[in-house]
Every structure is written in structure tokens, then in C-alpha cells.
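Below is one structure, written out as C-alpha cells; the observations come after it.
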Amino acid sequence: MRLDVAFDLGFTLCCGQVFRWKKIGGWWYGVVGESVFKVRQCGSELEFVNVDEVFVRHYFGLNDDLEEISSCINKDDYIGKALRKFAGLRIVRQNPWECLISFICATYKSIAAIEQMLQRLSVKFGEKMMFDGLDFYRFPSVERLALASESGLRECGLGYRAKYVQVTAQKICHEKINLEGLKELSYLEARKVLLGFAGVGLKVADCVLLFSLEKLEAFPVDVWVKRAILNHYAEKFPADLVKKMQRHDSLTNGEYLKISEFARAYFGKYAGYAQEYLYHYERTQR
DNA sequence: CGTGGGCCTGTCTA
DNA sequence: ATAGACAGGCCCA
């Protein structure tokens, strides 16, 4: 298909939002929902196999008006540079369940380790599929993980996260919680529900809200975004707060809320997009 | 309400 | 090689 909007597949899939896409022989392979598809980009030409255009447009956020979003969040030179460097980066619309479990697993782990955990989880508890002569695994269902033992989950390398995944899966299963339905709630209402799950704090909740529940105002603050804010937006905060935040690596809930609420006020309703650009820019600055 | 300490384990670096 | 630091935080006291 011929792209009529700015899009960069590599930026969008690399590092951070999604963990199960793999580049093999020039194609990106992904398991989304029940099936596998592959996609590659050459300039403004986007090719995909085993999936239709409607899904591709939705999944890769091609329906977001990125021009409007960019001009909306382009508040200063620093984010301006990030917007130019990663032009075409978009926010993916993931499955909320997979996204929730992914970010529960993501705490205190490097991206390589997160990919490893989710792969092992899918191999052990998901269904196998063949595509292009390669093996792929569906992400395990809610029901399957609700039945998993803590030790079985630990075998996938989850460590202390095993209990969180088990308890969260059981809660969603037994209480028949409809995660997709959270899209209909406001940002704050949906966040409140997510914070009720084991292993979900403000950071994990914001990732799920942004990457799977279409809450583009969510502004996840991880160590990289914290660094970006302290290095380039420190003058927006009281000096004593900046000093306090520099002393510790992680954030208290209070500090987290101060940063993310500043970001929503400053960047506006698309603060989540600003977060993605700042995150990638900060990570590549060293 | 704010704060400090502990936590599983895979990667990466020295 | 092998240890040690660090990793997209959360929970509990």
C-alpha cells in the first residue's frame, strides 16, 4: 500500500512499545491476536502479508493525525529536535491484555530481558503456529495464565513478577473484567481500574493506557523520561524538587504525578506522543 | 500522605 | 571468564 501519511515502521517497532516483533530477512514478523503477519517498509511503500489494510492502519496508528499531533506538542526546541529525528514514529494499538502483562513483566528489567520473558511465556502457555516455515506462538490467553502455577510462571524467568501475573490473570478471569471496555472510560477512571491489579503502579498503568487503551494523554515516566525532564525541563519545577529527584534513581508516586501532570499541562492532550519522542531521543543521546 | 528497603533474574560491561 | 552493576518499578512496613 502507498502511504499517504508520515510513518516509520522501524522507529515504531524498535525499543519499547512492543516486545514481540522480530525482524527476519528484511521483514518484521508479529503475532497479533490469533495470527501472524509480516510487514516491511520501503520509503512510502508499506507491504504486508496475511493481514488487511484496515487492520494495519489501526494497529500502527496510521489514523492518528500525526501532523496535527506534532504541531500540538512541538512546544520548544528540544522536543522539536526529537520530532525531527524520529519523524514517523507512531503509537501502536496493542491488545490490552498482552500489553498489561508485558508491562507488569517490564518492571526493573532491560528490554532484551523483557523480550526473553514474553517469548518464554508464549512458548510455554501460548499456541504454536507456522508461518513462512517459522514457528510463532500466540500470546497466552487470560484463562490459560489464570490456571498457571506460580512456579510454572517462574520457569519463564519472571521472578517476583510471576505472582503479579498470576493474581492479575485470575482477577480478570474470575471477575470477567473487560479490558477493552476501559477504552470507554476517562483516562483517570481507566487508570484507577488498572491500579487495582497486582504489579501495576502509575508507570505500568500509563503504558497500558497509552499503548493499548488509546489514552494519548497518558505520559509514562520511566528512568529515561525522568532523565529527559531533569536534563531539559528542570526550570519548569521547583529547585528543591529537582534536587530531590536527582538523588534517587526511581520516583516516588508524588514525584511521578508531578512530572506526568506537568507534561499533560505543557504538551496537552497528546502528551503520550511527546513522551515517546522524548524517550527515544534521550535513549539515543548516549 | 510520604519514605525506605527488598526483590527475581537476564544482560551487559569491565 | 566471572563478578558486579543495572534494568522502562511495585509492594509493604
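Because only heavy atoms are used, hydrogens play no part in the values below, and waters and symmetry mates are left out as well, while side chains stay in. Within every chain, numbering begins at 1; the chains are lettered A, B, ... in the order of the sequence lines, protein sequences first and strands thereafter.
Residue A:K244 has its side chain nearest to B:dT3 when only C:dG9, B:dT9, B:dT3 are considered. Of the candidate nucleotides B:dT11, C:dG9, C:dA7, C:dG9 has the atom nearest to the side chain of A:V223. Ranking B:dT11, B:dC8, C:dG9 by closeness to the A:A112 side chain, first place goes to B:dT11.
Only the C1' atoms considered, B:dG10 is 22 Å distant from C:dC11, to the nearest whole Å.
Rounded to a whole Å, the OH atom of A:Y108 is 9 Å from the P atom of C:dC6. In this structure, the CG atom of A:D222 is 11 Å from the P atom of C:dC10, given to the nearest Å. Distance CD1 (A:I104) to P (B:dC8): 16 Å, rounded to an integer number of Å. For A:Y160 and C:dG9, the OH to C1' distance is 6 Å, given to the nearest whole Å.
Heavy atoms of A:R161 sit under 4.0 angstrom from at least one base atom. Using a 4.0 Å heavy-atom criterion, one finds that A:Y256 contacts no nucleic acid atom at all. A:V204 comes within 4.0 angstrom of the backbone, heavy atoms only, and of no base. No contact: A:G254 has no heavy atom under 4.0 Å from any strand. Nucleic acid contact for A:A198: sugar-phosphate only, since backbone atoms but no base atoms lie under 4.0 Å from a heavy atom of the residue. Residue contacts for A:E150: at a heavy-atom cut-off of 4.0 Å it reaches no nucleic acid atom on any strand shown. Among the heavy atoms of the strands lying under 4.0 Å from A:V200 are primed sugar atoms or P, OP1, OP2 only; no base atom is included.
Side-chain atoms of A:R90 come within 3.5 Å of backbone N or O of A:A6 as a donor-acceptor pair.
In this model, a side-chain donor or acceptor of A:K109 finds a partner on the base of B:dT9 within 3.5 Å.
Between A:E98 and A:R20 there is a salt bridge, since a side-chain N of the basic residue sits under 4.0 Å from a carboxylate O of the acidic one. Salt-bridge formation is not detected for the pair A:R283/A:D222: no Lys NZ or Arg NE/NH1/NH2 atom is positioned less than 4.0 Å from an Asp or Glu carboxylate oxygen.
Note on A:K163: every side-chain N or O is 4.0 Å or more away from OP1 and OP2 of B:dC8. Look at A:R120 and you'll find a side-chain N or O under 4.0 angstrom from OP1 or OP2 of B:dG10.
Looking only at atom types and distance, the side chain of A:Q166 has a donor-acceptor partner in the side chain of A:K163 under 3.5 Å away.
DNA chain C is contacted by both A:F211 and A:Y164; A:F211 maps to the nucleotide lying nearer its 5′ end (nearest heavy atom per residue).
Taking the centre of each ring, A:F86 and A:Y277 stay at or above the 6.0 Å mark.
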